[in-house]
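In this text, all values refer to a predicted model and were calculated from it rather than measured experimentally. Chain identifiers are assigned alphabetically (A, B, ...) following the order of the sequence lines, protein sequences preceding nucleic acid strands; residue numbering begins at 1 within each chain.
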Amino acid sequence: MPAFWLIKSEPDVFSYADLTQAGREPWNGVRNYQARNFLRQMQEGDLCLFYHSNARPPGLAGVARVVRAAYPDDLQFDPASEYHDPRSGPENPRWSMVDVAPVLALPRLLPLDELRDLPAWQDSPLTRKGTRLSVFPVTGEQVREALAAVGVALPPAGGSSPA
DNA sequence: GCCAACGTTGGC
DNA sequence: GCCAACGTTGGC
């Protein structure tokens, strides 16, 4: 039974369309412990709602799938990277990443404003004021409601099974 | 271990 | 571009 997550990205930096084009992408650069801990819980096959933050409007753009579970984020070792962490070394990697692949582009962006109106989204790090967490779990009901709002169903690619 | 200063996130 | 909220850093 796959779990469900939400991952944020600024579309100016990396959009869902970019993921579609890339086919697969390491989800690197996460430098927050709570988000990292969620990354480490991800399993291959888990589905991720792909959220566009710092966008107009912000909202859900697509669904992605975890295609590789957590492994060390290579950018932390790269002095030239803005994500370099001098406290981290190959023997004591501090930061993790997963690989994700596109599953489904939503037929239209589902804006944050509409998400706020959905019953299952009343209590979420996304809609809670002041929360900036960029990776967190969502419920199956949240996924179902969000997809229903744009007229699509849970993609079978995630391995969702009937009850 | 406290806490002020600072940096970042992200909606507006 | 503004700014509220929050995480991290570092002096003590």
Side-chain angles (χ1 to χ4, degrees), chain A residues 3-22 25-42 46-66 70-139 141-150 152:
Chain A
F4 303 106
W5 308 90
L6 185 146
I7 56 179
K8 293 183 185 175
S9 183
E10 302 191 17
D12 288 349
V13 178
F14 192 81
S15 68
Y16 189 80
D18 292 330
L19 178 64
T20 301
Q21 185 155 23
E25 187 74 9
W27 205 254
N28 53 25
V30 171
R31 294 294 179 271
N32 168 281
Y33 288 106
Q34 202 180 350
R36 178 203 70 181
N37 293 341
F38 285 136
L39 281 180
R40 288 180 176 177
Q41 293 174 36
M42 289 183 180
D46 286 359
L47 292 180
C48 302
L49 299 178
F50 194 112
Y51 179 82
H52 282 175
S53 62
N54 253 318
R56 288 155 56 158
L60 291 181
V63 179
R65 189 163 50 92
V66 176
Y71 62 109
D73 180 340
D74 48 7
L75 296 183
Q76 70 193 306
F77 310 128
D78 178 3
S81 169
E82 62 174 314
Y83 296 112
H84 178 235
D85 188 339
R87 303 162 299 184
S88 200
E91 261 121 69
N92 59 331
R94 181 176 302 229
W95 305 109
S96 299
M97 62 184 178
V98 298
D99 288 355
V100 296
V103 170
L104 169 74
L106 299 192
R108 67 179 174 92
L109 185 98
L110 179 59
L112 177 59
D113 278 352
E114 284 186 49
L115 274 169
R116 290 190 201 281
D117 290 337
L118 299 178
W121 286 86
Q122 295 309 303
D123 185 35
S124 161
L126 192 70
T127 51
R128 211 176 299 140
K129 186 179 170 192
T131 307
R132 302 172 311 184
L133 195 57
S134 64
V135 177
F136 53 87
V138 296
T139 66
E141 185 61 12
Q142 287 172 332
V143 174
R144 195 194 62 75
E145 283 187 3
L147 296 185
V150 293
V152 292

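Atom CG in N32(A) sits about 11 Å away from atom P in dT9(C), given to the nearest Å. Atoms CD (E10(A)) and P (dC12(B)) sit 15 Å apart, rounded to a whole Å. Atom pair K129(A):NZ and dC12(B):C1' shows a separation of 12 Å (rounding to whole Å applied). Atom CG of L112(A) is separated from atom P of dT9(B) by 18 Å (rounded to the nearest Å). The distance between atom CG of L133(A) and atom P of dG10(B), rounded to the nearest whole Å, is 9 Å. What separates CZ of R56(A) from P of dG10(B) is a distance of 17 Å, to the nearest Å. What separates NE2 of H52(A) from P of dT9(B) is a distance of 17 Å, to the nearest Å.
Among the atoms of the strands shown, none is found under 4.0 Å from any heavy atom of R31(A). Across all strands, R87(A) comes closer than 4.0 Å only to sugar-phosphate atoms, never to a base (heavy-atom distances).
For Y71(A) and D99(A), the side-chain atoms include at least one donor-acceptor pair closer than 3.5 Å. S96(A) and R36(A) share no donor-acceptor pair across their side chains, judged by distance under 3.5 Å alone. At a cut-off of 3.5 Å, with distance as the only test, a side-chain donor of Q76(A) or S88(A) sits close to an acceptor on the other residue.
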Distances for protein N/O vs nucleotides 2-8 of chain B N/O pairs under 3.5 angstrom?
residue: dT8(B); atom: O2; partner: R132(A); partner atom: NH1; Å: 2.6

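At distances below 3.5 Å, at least one donor-acceptor pair connects side-chain atoms of Q142(A) with backbone N or O atoms of A120(A).
Under a 4.0 Å N-O distance rule, the pair R31(A)/E82(A) does not qualify as a salt bridge. Using a 4.0 Å cut-off between charged side-chain N and carboxylate O, R128(A) and D123(A) make a salt bridge.
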